[in-house]
Amino acid sequence: MIERRWIPSTSALLAFESSARLNNFSRAAAELNTSQSAISRHIATLESRLRTRLFARSGRSLELTADGDRFYRAVLSGLEAVQSAAMAIAHATGDNQLTLACTHEISHLYLLPRFEALQQAVGEETRIRIMTIEYDVLEALMVPSIDLIFAYKVLGAAPDEHVVALPEAVTPICSPGFAEENHEALARGVSGWFDLPFLENTRPNEGWITWDEWFGRIGTPAFTPRYTGFGNYVYLLEAAAAGRGLALGWHGMIERHLEAGTLVPALDRAISTDRALYAVLTRNGRDREVARTCLNVLDAA
């Protein structure tokens, strides 16, 4: 007799994934259109069944424990696989459709400002579909309908199958109010930032410079920075715009905030690396003229 597997409910898994990604039960509840108490019950049930703590709680902020991070990666991989398979089946590939795969951050901060130019280049008769996928499963995803993916390495693609979409260059940024309130500290340079709060991406990948690396290039501070972690760069920028601290701003992703005046440079110096965000054709996209047209538009656009 085959033993029935124990698998948490879909509601519990979605509650956990949203809470881990947003670092907050309240925001997870809002995203899933439920109550914070319902989210808390789902997490408590998971922790009871798994016999471990998934989150370390400090006031209103959340951080994944080691077990929580391990479980998050497994849940994320499973949910993304189900979603991608469902989307691939529901939306059969056709000559009038172009499918791009990227993370939520890239979709919101990089592709959205360029969407109109892309649509114009491929023609109004082509429907552009953007599939958002987390870093953990992006490179392993094997959905035949995807034409182009965004990644921080080229995955062995031929020279004519990838382009540099965004060279990595970063500058510390903050809100105008934060800059005014901390003018004297910011004017002293990094050595004077010891009492300032820093906003940190808690799930960096090889294409995202960290504060530690930035400090290593500018000059290691003689203090231990106070970090507030965010699992999503979009929410990190919103926190910076709300005046909650200093953030690293990626050139090519922060321009709308700078133009709107919601964020300003905290230091007149950019750090560049030899890394980049690449647009890479998939096996399906290599043979499609519309995908190559898209690739050309994204060439360091």
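This one's a predicted model, so the numbers in the text were calculated from it and none came from an experiment. Along the sequence shown, residues are numbered consecutively beginning with 1.
Contact of the Ile173 side chain with the Val264 side chain is not registered, since no non-hydrogen atoms from C-beta on lie closer than 4.5 Å. Using a 4.5 Å heavy-atom cutoff, the side chains of Phe150 and Leu111 are in contact. Ser19 has its side chain within reach of Phe55: a pair of non-hydrogen atoms, C-beta onward, lies under 4.5 Å apart. The shortest distance between side-chain heavy atoms of Leu246 and Phe178 falls below 4.5 Å. Using a 4.5 Å heavy-atom threshold, the side chains of Arg275 and Ile209 count as touching. Using a 4.5 Å heavy-atom threshold, the side chains of Asn96 and Arg127 count as separate. Residues Thr103 and Tyr110 are not in side-chain contact: their nearest non-hydrogen atoms beyond the backbone lie 4.5 Å or more apart. In this structure the side chain of Leu281 never reaches within 4.5 angstrom of the side chain of His162, judged on heavy atoms.
The shortest non-hydrogen separation linking Leu199 to Ala240 is CD1-N, 3.5 Å. Summarising the geometry of Cys174 relative to Leu186, their closest heavy-atom pair is SG-CD1, 4.4 Å, with the distance given to 0.1 Å. Taking both residues in full, the closest heavy atoms of His104 and Asn232 are given as ND1-ND2, 3.1 Å, listed atom of the first, atom of the second, then distance. The nearest pair of heavy atoms linking Ala279 to Leu295 is O-CD1, 3.3 Å. Between Ser175 and Ala241, the closest heavy-atom pair is CB-O, 3.5 Å. Taking each heavy atom of Ala276 and Val164 in turn, the nearest pair found is CB-CG1, 3.8 Å.
Looking at Thr282, its side chain does come within 3.5 Å of a backbone N or O of Asp147 through a donor-acceptor pair. Between the side chain of Gln119 and the backbone N or O of Gly123, at least one donor-acceptor pair lies under 3.5 Å. When atom types are taken as modelled, the side chain of Arg292 and the backbone of Arg286 share a donor-acceptor pair closer than 3.5 angstrom. At distances below 3.5 Å, at least one donor-acceptor pair connects side-chain atoms of Glu161 with backbone N or O atoms of Ala158. No donor-acceptor pair closer than 3.5 Å links the side chain of Thr65 to the backbone N or O of Ala56. Put simply, the side chain of Ser48 never gets that close to the backbone of Ala44: no donor and acceptor are under 3.5 Å apart. When atom types are taken as modelled, the side chain of Glu47 and the backbone of Leu54 share a donor-acceptor pair closer than 3.5 angstrom. The closest donor-acceptor contact from the side chain of Ser40 to the backbone of Gln36 lies under 3.5 Å.
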Can I get a per-line list of side-chain donor-acceptor pairs under 3.5 Å for residues 251-260, giving both atom names and the distance, sequence neighbours left out?
{"unit_1": "His251", "atom_1": "NE2", "unit_2": "Thr171", "atom_2": "OG1", "d": "2.7"}
{"unit_1": "Glu255", "atom_1": "OE1", "unit_2": "Gly252", "atom_2": "N", "d": "2.9"}
{"unit_1": "Glu255", "atom_1": "OE1", "unit_2": "Met253", "atom_2": "N", "d": "3.1"}
{"unit_1": "Glu255", "atom_1": "OE2", "unit_2": "Gly252", "atom_2": "N", "d": "3.0"}
{"unit_1": "Arg256", "atom_1": "NH2", "unit_2": "His108", "atom_2": "O", "d": "2.8"}
{"unit_1": "His257", "atom_1": "ND1", "unit_2": "Thr262", "atom_2": "OG1", "d": "2.8"}

**OP:** Start with the C-alpha gap between Phe16 and Phe71, add the side-chain angles, then the distance that decides, and say whether ring pair (Phe, Tyr, Trp, His ring centres under 6.0 Å) holds.
**Re:** CA-CA 9 Å; Phe16 170 72; Phe71 189 55; 5.1 Å; yes

Original post:
After noting the C-alpha distance and the side-chain angles of Ser9 and Ser11, does the key distance pass the side-chain hydrogen bond (donor to acceptor under 3.5 Å, both in side chains) rule?
Top reply: CA-CA 5 Å; Ser9 69; Ser11 297; 4.9 Å; no

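Under a cut-off of 6.0 angstrom, the local environment of CD in Glu63 is sparse, with at most 12 non-hydrogen atoms contributed by other residues, nucleotides or ligands. The 12-atom threshold is exceeded at CG of Asp160, counting heavy atoms of other residues, nucleotides or ligands nearer than 6.0 Å.
Relative orientation of the Phe215 and Phe198 rings is perpendicular, given thresholds of 30° and 60° on the angle between their planes. Using the six-membered ring where Trp is involved, Trp193 and Trp214 have ring planes that are parallel, under 30° apart on the 30 and 60° scheme.
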